[in-house]
Structures are given as C-alpha cells and as structure tokens.
Amino acid sequence: MSETIHGICSLSVIPVRKDKSHESELVTELLFNEIYEIVDITKEWLKIRINDDGYEGWIRRLQHKSITDEEYNVLKSSAIHIIKEPISKYKGLTLSFGTVINEETEDTETIPDVFCPDILITNARKLLNTPYRWGGKTVFGMDCSGFTQLCAKTAGYMLPRDASQQIKHGNLIYFAQESQPGDLAFFENEDHNIVHTGILLSNNEIIHSSGKIRIDFFDQTGIFNRETGKYSHFLTAIKRLH
C-alpha cells in the first residue's frame with residue numbers, strides 16, 4: 001500500500017477474522033465507533049490494525065467506512081464516553097457494554113483518567129451470565145480476555161486483547177491471600193501457555209468467562225467450580241493493575 005487508510009466501525013459490531021474468509025476463526029470484534037488502520041487490501045476483505053489495542057485481523061470491505069487522516073487523529077484524542085449498561089439504544093443502533101461514543105447519554109459514563117478497581121468490579125458484575133463466545137466482545141457472547149479487556153477499559157486501563165498479552169501488565173502478586181478486589185488472575189494449559197484470565201472479587205472469589213460469565217471459588221491452586229466439584233483452571237499468576 002502506498003498510503004495509510006483509516007476506517008471507523010459504523011455498525012453495532014463487526015466480526016474480525018484470522019484470515020480473509022467467512023469460515024475463518026473469529027479473533028475479536030470491532031464495536032461501534034472503534035477506529036482502525038488498513039494494512040492490507042483484497043477484493044472483498046481488508047486487513048486492519050485496531051487503534052486501541054493494535055490487534056490485527058480481517059473484515060469485509062462491505063462493512064468498512066473510510067475516514068480521513070484528520071478525522072482519525074481527532075477521534076484518537078477525543079474525550080469519550082463509554083456504554084455502562086449491557087445494552088443501549090443509540091441513533092437507531094443497539095450498542096453493547098464497553099462501546100465508546102463521543103457524547104454523554106444516560107447510559108454512559110466517562111472513562112476515568114486513573115484506573116479504578118471499584119468501577120472494574122461494578123461493571124464486571126453487570127455481565128454475569130453473558131454466554132462465552134470465542135473472539136466475542138459483546139453481551140451476546142464474549143471470551144475471557146475480551147471480558148477483562150472491556151471491564152478494564154471502563155475502569156481507565158487499556159489492556160491488550162489476549163490473555164497471553166495481558167499477563168505482561170501490572171505488578172506481580174505472589175500469594176492469593178495477598179490479592180485485592182480488581183486484581184487479574186491468569187491460568188495456563190498443559191503446554192504452559194496462558195489461556196485464561198479473570199477478575200478477582202476478593203482473595204477467594206473470581207468472576208470470569210467460562211461457558212458463561214460466572215463467579216467461582218478461587219485460591220492458590222486456581223479456580224474451583226462448585227457445580228462440578230473440581231478445579232477447572234490452575235493458577236499461574238496474579239497481577240495488579242495501576
């Protein structure tokens with residue numbers, strides 16, 4: 001590409017896929033008003049880099065809306081308001097929790113300048129029973145890291161998209177009993193890859209997306225599912241955002 005091209009999500013949500021195909025894996029979703037840079041173009045698909053977190057993936061050209069460099073730069077620095085309710089109606093669109101708009105409404109709050117764990121927890125609880133969806137970021141389905149990213153954003157902290165990236169943020173807390181509400185916990189699989197994350201409500205409770213957004217018992221071992229009577233995830237690290 002000879003020049004930089006920018007776009008904005010003008011729909012409630014746009015799927016972002018790993019490759020340029022309808023059958024390709026959903027890796028994340030663009031929410032209304034999110035801006036992005038186009039890094040590759042085909043006849044039917046655009047590869048984009050999302051402004052907020054630098055995440056890359058493919059969207060359909062039919063769902064792209066162009067903006068000028070000047071508009072892009074203005075939007076990057078605009079004061080924004082974030083949807084605090086699970087669902088909100090706005091200018092004929094149905095917007096999901098965590099969507100940003102450029103004006104105040106009864107369903108929005110201003111993103112704080114300093115990270116606030118209380119807001120993180122309050123907003124996380126609003127999403128209880130949201131179904132799990134790989135790559136999802138809306139109340140119709142979201143994955144574990146989409147959940148923590150959106151909740152942290154409403155509380156004034158911009159996390160990257162994936163759990164394996166999020167674990168690099170914050171200060172390490174060595175013991176579960178020393179954790180505080182709003183800390184993030186991370187969990188690995190058998191190959192020692194970080195594959196899961198959640199938000200601590202206390203040093204023995206966690207809210208996370210696993211099947212649905214749910215609250216489970218938490219300790220130094222990991223997440224204990226009261227319904228199955230077994231540990232579902234094994235603790236790797238606790239991080240405190242600041």
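The structure presented is a predicted model; accordingly, all values stated were derived computationally and were not measured.
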Side chain of D191, backbone of N193: donor and acceptor closer than 3.5 Å? no
Joint cluster assignment, F234 & I199, ILVMFWY side-chain distance < 4.5 Å: no
Could you grab the distance from atom CG of L150 to atom CD1 of I83, nearest 0.5 Å is fine? 12.0 Å
Contact between F187 and I194 at the side-chain level, heavy atoms closer than 4.5 Å - yes or no? no
Could you walk me through whether L120 and T154 pass the side-chain contact (heavy atoms from CB on, under 4.5 Å) check? CA-CA 7 Å; L120 174 71; T154 69; 5.8 Å; no
Scanning both residues in full, the closest heavy-atom pair of G156 with I111 reads CA-CG2, 3.8 Å
Which value, rounded to the nearest 0.5 Å, describes the distance between N73 atom CG and I67 atom CD1? 9.0 Å
Any residue meeting ring-ring contact (aromatic ring centres under 6.0 Å, His included) with H192, in chain and number order, not counting sequence neighbours: none
Can you list the steps and then say if Q220 with Y174 is a side-chain hydrogen bond (donor to acceptor under 3.5 Å, both in side chains)? CA-CA 9 Å; Q220 192 68 38; Y174 292 95; over 6 Å; no
Ion pair K20/D40, N-O distance below 4.0 Å: no
Nearest heavy-atom contact between E188 and V195 is C-CG2, 4.0 Å
Quick check against the 3.5 Å criterion: does K126 have a side-chain atom that pairs as donor or acceptor with the backbone of K84? yes
Here the gap from S179 atom OG to L184 atom CG, rounded to the nearest 0.5 Å, amounts to 11.0 Å
Short side-chain to backbone donor-acceptor contact, Q180 and S202, under 3.5 Å: no
Measuring from atom CG of D183 to atom NZ of K239, what distance do you get when rounded to the nearest 0.5 angstrom? 11.0 Å
Non-hydrogen atoms of A163 and F186 that approach each other most closely: O-CE2, 3.7 Å
Min side-chain heavy-atom separation E205-P181 under 4.5 Å: no
Within the distance-only criterion (no hydrogens, no angle test), does the side chain of T99 pair as donor or acceptor with the backbone N or O of L31 below 3.5 angstrom? no
Treat each ILVMFWY residue as a node, draw an edge where side-chain heavy atoms are under 4.5 Å apart, and state whether F97 and L95 are in one component. no
OG (S66) and CD1 (I8) are apart, to the nearest 0.5 Å, by 11.0 Å
Go through I5 and Y36 one step at a time and tell me if the side-chain contact (heavy atoms from CB on, under 4.5 Å) criterion holds. CA-CA 9 Å; I5 303 175; Y36 53 88; over 6 Å; no
Aromatic contact, H22 with W45 (centres under 6.0 Å): yes
Check: R240 side chain, G182 main-chain N or O, donor-acceptor pair, under 3.5 Å: no
Does any part of the side chain of I14, heavy atoms only, come nearer than 4.5 Å to the side chain of L11, both counted from C-beta? yes
Between I101 and N33, the two heavy atoms sitting closest are CA-ND2, 3.6 Å
Whether T108 side chain and H81 backbone form a donor-acceptor pair below 3.5 Å: no
Any carboxylate oxygen within less than 4.0 angstrom of a Lys/Arg side-chain nitrogen, looking at R161 and E56? no
Tell me the ring pair (Phe, Tyr, Trp, His ring centres under 6.0 Å) pairs involving residues 198-231, sequence neighbours left out? H196-H208, H208-H233, F224-Y231
Side-chain (E29) to main-chain (K137) donor-acceptor, under 3.5 angstrom: yes
Quick one, Y157 with H169, criterion side-chain hydrogen bond (donor to acceptor under 3.5 Å, both in side chains). Give me CA distance, side-chain angles, the key distance, then yes/no. CA-CA 10 Å; Y157 196 105; H169 289 246; 3.1 Å; yes
Is the closest basic N to carboxylate O distance between E227 and R214 below 4.0 Å? yes
Of all heavy-atom pairs linking L235 and A185, the shortest is CD1-CB, 4.1 Å
Does D219 reach the main-chain N or O of G222 with its side chain, forming a donor-acceptor pair under 3.5 Å? yes
Do Q166 and T148 get their side chains close enough for a donor-acceptor pair, meaning under 3.5 Å? yes
Which atoms form the tightest heavy-atom contact between V139 and S96, and what is the distance? N-OG, 3.0 Å
Are L200 and I223 connected, step by step, through hydrophobic side chains (Ile, Leu, Val, Met, Phe, Trp, Tyr) whose heavy atoms are closer than 4.5 Å? yes
What residues form a ring-ring contact (aromatic ring centres under 6.0 Å, His included) with Y132, not counting sequence neighbours? none
May I ask you to test the I50-E34 pair for a side-chain heavy-atom distance under 4.5 Å? yes
Under 4.5 Å between any side-chain heavy atoms of D53 and Q149, yes or no? yes
Quick one: do F147 and L128 end up in the same hydrophobic cluster if we chain Ile, Leu, Val, Met, Phe, Trp and Tyr together by side-chain heavy atoms under 4.5 Å apart? yes
Is the CD atom of E190 crowded by more than 12 outside heavy atoms at less than 6.0 Å? no
Mind checking whether D52 and V100 have side chains closer than 4.5 Å, heavy atoms only? no
Quick one: are K212 and T130 in side-chain contact, heavy atoms under 4.5 Å? no
Could you give me the CA-CA distance, side-chain angles and deciding distance for D107 and Y90, then say whether side-chain hydrogen bond (donor to acceptor under 3.5 Å, both in side chains) is met? CA-CA 10 Å; D107 290 340; Y90 178 75; over 6 Å; no
May I ask you to say whether K47 pairs ionically with E37, meaning some side-chain N is under 4.0 Å from a carboxylate O? no
Donor-acceptor pair, S209 side chain versus M142 backbone, under 3.5 Å? yes
Any side-chain to backbone donor/acceptor pair from S24 onto D19? Under 3.5 Å, distance only. yes
Quick one: do I238 and I206 end up in the same hydrophobic cluster if we chain Ile, Leu, Val, Met, Phe, Trp and Tyr together by side-chain heavy atoms under 4.5 Å apart? yes
Between S21 and E23, does any side-chain donor sit less than 3.5 Å from a side-chain acceptor? yes
List the steps, then state whether side-chain contact (heavy atoms from CB on, under 4.5 Å) holds for W134 with E25. CA-CA 9 Å; W134 181 275; E25 170 188 340; 2.9 Å; yes
Would the number of heavy atoms belonging to other residues, nucleotides or ligands and lying under 6.0 Å from CG of D113 be above 12? no
Under the side-chain contact (heavy atoms from CB on, under 4.5 Å) rule, what do L241 and L159 come out as? Steps first, then yes or no, please. CA-CA 10 Å; L241 303 180; L159 284 168; 4.1 Å; yes
Could you measure the distance from the CD1 atom of I38 to the NE2 atom of H6? Nearest 0.5 Å is fine. 9.0 Å
Can you check whether I213 reaches N129 side chain to side chain, under 4.5 Å on heavy atoms? no
